[in-house]
There are 2 protein chains.
Amino acid sequence: MPATIRDVARLAGCSIKTVSRVVNGEPYVTEETRARVQAAIRAVGYAPNISARRLVQNKSFQICILMYPGLLQPASGILSLIMDIGYEENYDILFQPYFPTHARSKRKLVSLIYEHRIDGFVTTPPCDAEDFVSELLDTFKVPLVQINPFNRPEKTPFVASDDIEGARGMMEHLLGLGHRRIAFLMGPRNMRASFDRLEGYKQALEAHSIPFDPALVRDSEFTFDGGYTAARLLLEGSPRPTAIFAGNDEAALGAIYAARELGLDVPGGLSVCGCDDIAAAGRTWPGLTTIHMPAEELIETAVRLLIQILKGSLPSSNQVFLQSRLVLRGSTAPPAEAST
Amino acid sequence: MPATIRDVARLAGCSIKTVSRVVNGEPYVTEETRARVQAAIRAVGYAPNISARRLVQNKSFQICILMYPGLLQPASGILSLIMDIGYEENYDILFQPYFPTHARSKRKLVSLIYEHRIDGFVTTPPCDAEDFVSELLDTFKVPLVQINPFNRPEKTPFVASDDIEGARGMMEHLLGLGHRRIAFLMGPRNMRASFDRLEGYKQALEAHSIPFDPALVRDSEFTFDGGYTAARLLLEGSPRPTAIFAGNDEAALGAIYAARELGLDVPGGLSVCGCDDIAAAGRTWPGLTTIHMPAEELIETAVRLLIQILKGSLPSSNQVFLQSRLVLRGSTAPPAEAST
DNA sequence: GCGCGTGTTGACAACGTTGTCATATGCCTG
DNA sequence: CAGGCATATGACAACGTTGTCAACACGCGC
């Protein structure tokens, strides 16, 4: 039904190849011809058929972002950003939910590579940690850029934030307020952030000569429920921590919920802080003190890097580090009592 | 690089057409041939090239969900649900952020229709309200299913929830608790839900013979900031409402924030409730009393309906209504003082 | 034995584009 | 003026699939 390149050629009185040249901005077309073709394109309402182009070029012009929806929700800003980049660069960008070890996710990924011939992938934690993913992409030589990958091999391009530094900064904030018994909510074992943030926690303790107490470190799985349960156990135990540093915001919100349920005021009776700066962190009362992860920049950088690689222009740097920053809201304050 | 249908045919000792028949589950292939072809497919690792299939069938096997990211965030459950449906039905499902009146959004939509030849669309509020969208889809005869559309013309298929009924139910809850001065936070004018929920609010007041007071109705644009600002004005005025019924959860969270900022306890000094039951509603303290919108079912139903239409099987019903339900959490309680 | 319907198979065109190569033209150089 | 080179253009194949149609085998009824 829509016009094809042949319709344009007929109207413009030239060959289809010439039309193709005009459409793709190739040289070797006189200005006069170019204008005539462009007029014809407008006249018949022509737009190139992407499927045909994909077929003949054996490319899909699609890149795919694998993400585990439990952890990374594509926020509003990210979605529109991605749309813009894709529009500029003429690439379709697919968000693909990926559940590690989930059979259907695996089959879908295989289909994306095999049948859709996706040109390249971006992985987000913890998708990169599954061997299946890395081996598959490696086998088929599909270009890949990783965001905050678990491992940081020399050759693979990635974009990362410095979680150790970020966590240390947050600890300095808590320690500066006077907290000494600070609990830490750990994340899942298949994400580097879990370990890096714990490392920052430990480094700060050491810098202040506070002994590391393993009993203050609990698993939260980076979920609301995990944070809630861990906080309940911590707060019902004794001695209580005066602050809880949650490895991510979801867990922090769970911890606040648990504290409130026990009648503890936040930050009056307990300080709570998180990591990531998700949308909900600013929508709760008190606002959640957290570390702002540059999620949009991470994704934008990764996508642009991938497209650069796909276009064959070797980027200046394959491994990019972005800074996070502290966001002080209302959920942290000096401890109520002079703690033991 | 990957195997083509010709490689399979050569190995199986048959024509490419026979392979095609096996791949597509068509009849007129003996069991023996079918088995031989399937073995060959596995042997060479064949997967059909989707671009070629799309080209020859002049279909994209893609459907697109237009959404305004400011309001509808694709939550974790929705994303994986969509993935599953797409996988089952062999359709790719694209989430396309769409900003009404935004030039780039318009161009992208045109490109989706013109160049990508998207087979069908699902619209979410308020994208359906923009004339540009409906006219474009209409002009090109692209199949369309709407979710909670602004208008409900006879012919267009849609899936909707009964917002009037839902809002009335919430009002019954508040009135039952003893509230009489209840404010309402209105949404944008390009969404049916704004008007329907207001209508439910009015109907409940009338049923209880409480006069409608326009001063208690404020605009919130269905955003956190809008809800915050509206609530500040309401709460700093006099007489204060004893409850705020926000047209959506974002605005409700803003209202709670405003109340807390003024030192008002929720629900002790003010009851607040919302609509939609977004993820954050259960992650805040106190949990937000709200109306659960069946977002996943709405999208699933719309997508399945669209695919049914695309496959040519006329569905039994073009217009589906789904029920919402009250979710009572901690943000509503009886008014503190016997209100005037 | 013949006609006919049904099951099975394959040859070939078609989809709409881009890549390759040949050709034509004009201009510059020696 | 011959030769060479850059510019401009088009004919045609190719990409990998599905749709169309013809061909053939077989069994059945008459």
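Below, read A as the first sequence line, B as the second, and so on, with proteins coming before strands; counting in each chain starts at 1. Owing to the predicted nature of the structure, the values given are computational and were not obtained by experimental measurement.
- Shown for residues 13-33 of chain A: residues whose heavy atoms fall under 4.0 angstrom of DNA chain C, namely Ile16(A), Lys17(A), Ser20(A), Asn24(A).
- Within 6.0 Å of atom CD in Gln323(A), 12 or fewer heavy atoms from other residues, nucleotides or ligands are found, so the atom counts as exposed in its surroundings.
- Nucleotide dG16(C) holds its P atom 15 Å from the OH atom of Tyr114(B), rounded to whole Å.
- Contact detail for Ser105(A) and Met83(B): the closest heavy-atom pair is OG-CE, 3.9 Å.
- Look at CD on Gln57(B): it is 20 Å from P on dC15(D), rounded to the nearest Å.
- Closest heavy-atom contact between Val8(A) and Val37(A): CG1-O, 4.1 Å.
- Side chains of Val133(A) and Phe121(A) form no contact here, defined as non-hydrogen atoms less than 4.5 Å apart.
- Of all the residues in residues 43-56 of chain B, Leu55(B), Val56(B) reach under 4.0 Å from DNA chain C with at least one non-hydrogen atom.
- Across all non-hydrogen atoms, the minimal contact from Asp119(A) to Pro143(A) is O-CD, 3.2 Å.
- In this structure, CZ of Arg6(B) is placed 12 Å from P of dA11(C), rounded to the nearest angstrom.
- Rounded to whole angstrom, the span from the CZ atom of Arg117(B) across to the P atom of dC15(C) amounts to 13 Å.
- At least one donor-acceptor pair under 3.5 Å links the side chain of Asp7(B) to the backbone N or O of Thr4(B).
- A straight line from CZ of Arg34(B) to P of dG7(C) spans 14 Å, rounded to a whole angstrom.
- Applying side-chain contact (heavy atoms from CB on, under 4.5 Å) to Ser161(B) and the options Val320(B), Ile147(B), Asn148(B) leaves one that passes, Asn148(B).
- Rounded to an integer number of Å, the gap from Asp7(B) CG to dT17(D) C1' is 13 Å.
- Residue Ile299(A) forms a side-chain contact (heavy atoms from CB on, under 4.5 Å) with just one option from Ile93(A), Ile85(A), Ile82(A), Val122(A), and that option is Ile82(A).
- Here dG16(D) presents its P atom at 15 Å from CD of Glu115(A), a figure rounded to the nearest Å.
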